[in-house]
Student: 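Here it is: the structure, laid out below.
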Amino acid sequence: MLSPSVPSLPIPAPLAKALAEKGYAELTPVQSSVLAPEAAGRDLLVSSQTGSGKTVAFGVAIGPTLLGDEFRIAPAADPLALVIAPTRELALQVQRELLWLYAPAGARVVACVGGMDPRKERRQLEAGAHIVVGTPGRIKDHIERKALILGDIRAVVLDEADEMLDLGFKDDLEFILGVTPPERRTLLFSATLPRGIVALAGKFQRDAWRIATAVGERGHADIEYRALRTQPRETEHAIVNVLRQVDSPATLIFCNTRDGVRHLQATLLERGFLAVYLSGELSQNERNQALQALRDGRARICVATDVAARGIDLPNLGLVIHADLPLNAEILQHRSGRTGRAGRKGVSVLVVPHSRRRKAERLIMDAKIKPQWMDPPTADAIRLLDRERFLSDPLLTEEVTDEDRAMAGLLLTTKSPNDIAALLAKLYRSRLPEPEEISEPEPMHAPRGERAYTRDREFDDKRSRAREERPSAPRQDRFEREATPLRAAPDSVIFSMDVGRRQKADPKWLLPMICRRGNVSRNEIGTIRILDDTTEFEISKEAAEHFAVHARRKDGDDIIIALASEAKARPERPAAQNKFRDAKPFGDKKPFRKKSFEPRGDQRPDPAPRAERSAYQADRPPREDRPGKPYVKPASKGFGKGPKAMSRSGFAHRKGNKG
């Protein structure tokens, strides 16, 4: 039964009966908040985390509006309430929740979602419905076809409104809300409240009551966050080991792309996991089959994109893995909110390669969570965990039947008890996917939340004294420019090429050329030392033989590469030729001579002062007395002003004027 504090809330009798039959001992914070006296009969703007019981919350919130003081609702006609959800799965889930909640009241709940038969939905609407649950596109289609009449609507609920705006349903929502009666109640539920949600609420709600239920506390209280530091090439290995370590009844893995979803699901199937995938390319029938496999236990892992997984409510979902980091903190909250519901504990694991560490830290800060940074579980740790779980396996704990005892007696006649126990352990291990070997992670700086920033003078003095007493080793660079040849390390082989400093050997093209000629990667090349006429470099022993075979073939660069021991007898290559430098050495050039700026005899003297120039110009005959045609200013604009202005084609406008 409900707790004593619940009957004081304005819950209609049939809804309270349904909650008691369902086993509700107490209401969640968001369910209690919508029943507060301040929220009675008003529009509501509710922000609450995914999995906080929002479906039951708006179900009981619209109860007094639909039922009033009656125990049974009136016969079905035109709908009284409309619930809009972003995806098919979420709409069908809401319909299932409202069916048992309003069953004692005799309410009829109809779903209108994309991917279903519209003719069947139209017949159900014609038969009458009290509550209609659907997606924006299908509801708008029924309204335009006059199959859905909203003239009697008393309450409209927008569930996961932020996701509907992200999916581009803003125009559809405005159309639907525009054809509903203005005196309706509008209840807007969203995990986050971005600017678009606030604008939508201000346009279609009247004096809305704002409810925020402990964002960042209640929504994350039952979720354990972990951040795994992994090598970029071992992301899939880390995911496999996490699946083996947590051993959740249901797991949801998120990828950012469809190709990533397909690839990861195929990888898990190869390793023996029961996995399905969801993406936008699947038909509705294929999606239903995948979800049904998860619900009945034929599959335990679902790999999905963010869009395809919206609205999915998997039973006993205890683990969420972010194979690809989410784009922002809101998506991280939506993903992680799939687990840790109804008081159950959940685990949310972020797989963080070294190259994505900074982005992961920003996401964690924006989401206001405190994950536990750790390394991926090793194969030895998982095998030790399997031994501890072996004794609690249902294979050993279930009740044994008489037929089982008869077969055991037959087995004892041919095998010893030790052999039978060993075979039983082998059978148990054969059902488990093999864990992956994880290499030792590279050293990384501590995350921001775990760093200790001490800036007092005493600490700085100790650090400076330690540096003076123990100077740091010189920085090791791949390229060295020393005169001494390289010495072979125990795990490398020295090769040489007949170009050096005199031949303008440069690191910009040496390393790519070595990789191309020897068909090796940069990781297999050690120190490269550029000498006067040669260049020596290290190749790992594992790749030395392969490198020697490929490097002997020239690649149009006229450079010989061989073992350093074989290169001693080769003649030295002449220095790089430069025809311009050799033809005119710098020493033979004439020295620079500063030009004299004194005027020569043929140069005109300095111009006369301004007054004299004006007098000189005044003595000239007027333009009309000069021979030639009179000057006519052209229509086109030229460069400069006056009669000598040049046009854009470079000709003077004074053509024909010989004066």
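Residue numbers count from 1 along this sequence.
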Student: Please report the closest heavy-atom contact between Pro232 and Thr235, naming both atoms and the distance.
Tutor: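 Shortest heavy-atom contact: O-OG1, 3.3 Å.
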Student: Which class fits the ring pair Phe254 and His322: parallel under 30°, tilted 30 to 60°, perpendicular over 60°?
Tutor: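 Aromatic pair Phe254/His322 classed parallel.
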Student: Output every pair passing side chain to side chain donor-acceptor pair (under 3.5 Å) with a member in residues 146-155, not counting sequence neighbours, ordered by first then second residue.
Tutor: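 Counting only pairs at least two positions apart or across chains, no side chain to side chain donor-acceptor pair (under 3.5 Å) contact touches residues 146-155.
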Student: Using a strict 4.0 Å threshold on nitrogen-to-oxygen distance, state whether Glu160 and Lys54 make a salt bridge.
Tutor: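 A salt bridge is present here (some side-chain N lies under 4.0 Å from a carboxylate O).
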Student: Do the charged groups of Arg185 and Asp43 touch, with an N to O distance under 4.0 Å?
Tutor: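 No salt bridge links Arg185 with Asp43.
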Student: Check whether Arg206 reaches the backbone of Arg184 with its side chain - one donor and one acceptor, N or O, closer than 3.5 Å.
Tutor: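 Answer holds: yes.
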Student: Classify the side-chain pair Gln231/His237 by whether it contains a donor and acceptor separated by less than 3.5 Å.
Tutor: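 Judged by distance alone, the side chains do not pair up.
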Student: Thinking salt bridges, do Arg145 and Asp141 make one under a 4.0 Å N-O criterion?
Tutor: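 Looking at Arg145 and Asp141, the cut-off is met.
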Student: Are Arg357 and Trp373 in a cation-pi setup, meaning NZ or CZ lies under 6.0 angstrom from the ring centre and within 45 degrees of the ring axis?
Tutor: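 Checked: cation-pi criterion met.
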Student: Would you check, one step at a time, whether the test side-chain contact (heavy atoms from CB on, under 4.5 Å) holds for Leu243 with Ile321?
Tutor: CA-CA 9 Å; Leu243 292 172; Ile321 300 178; 3.7 Å; yes
Student: Step by step, work out the salt bridge (charged side-chain N to carboxylate O under 4.0 Å, His left out) result for Arg300 and Asp247.
Tutor: CA-CA 10 Å; Arg300 300 180 61 182; Asp247 193 23; 3.2 Å; yes
Student: State, without any angle test, whether Arg210 and Ser47 hold a side-chain donor-acceptor pair at a distance under 3.5 Å.
Tutor: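 Side-chain D/A pair, Arg210 to Ser47: present.
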Student: Check this for me: does any side-chain nitrogen of one of Lys359 and Glu361 sit under 4.0 Å from a carboxylate oxygen of the other?
Tutor: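 Salt bridge between Lys359 and Glu361, a charged N being under 4.0 Å from a carboxylate O: no.
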Student: Is Arg271 salt-bridged to Glu436, cutoff N-O under 4.0 Å?
Tutor: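 Salt bridge: yes.
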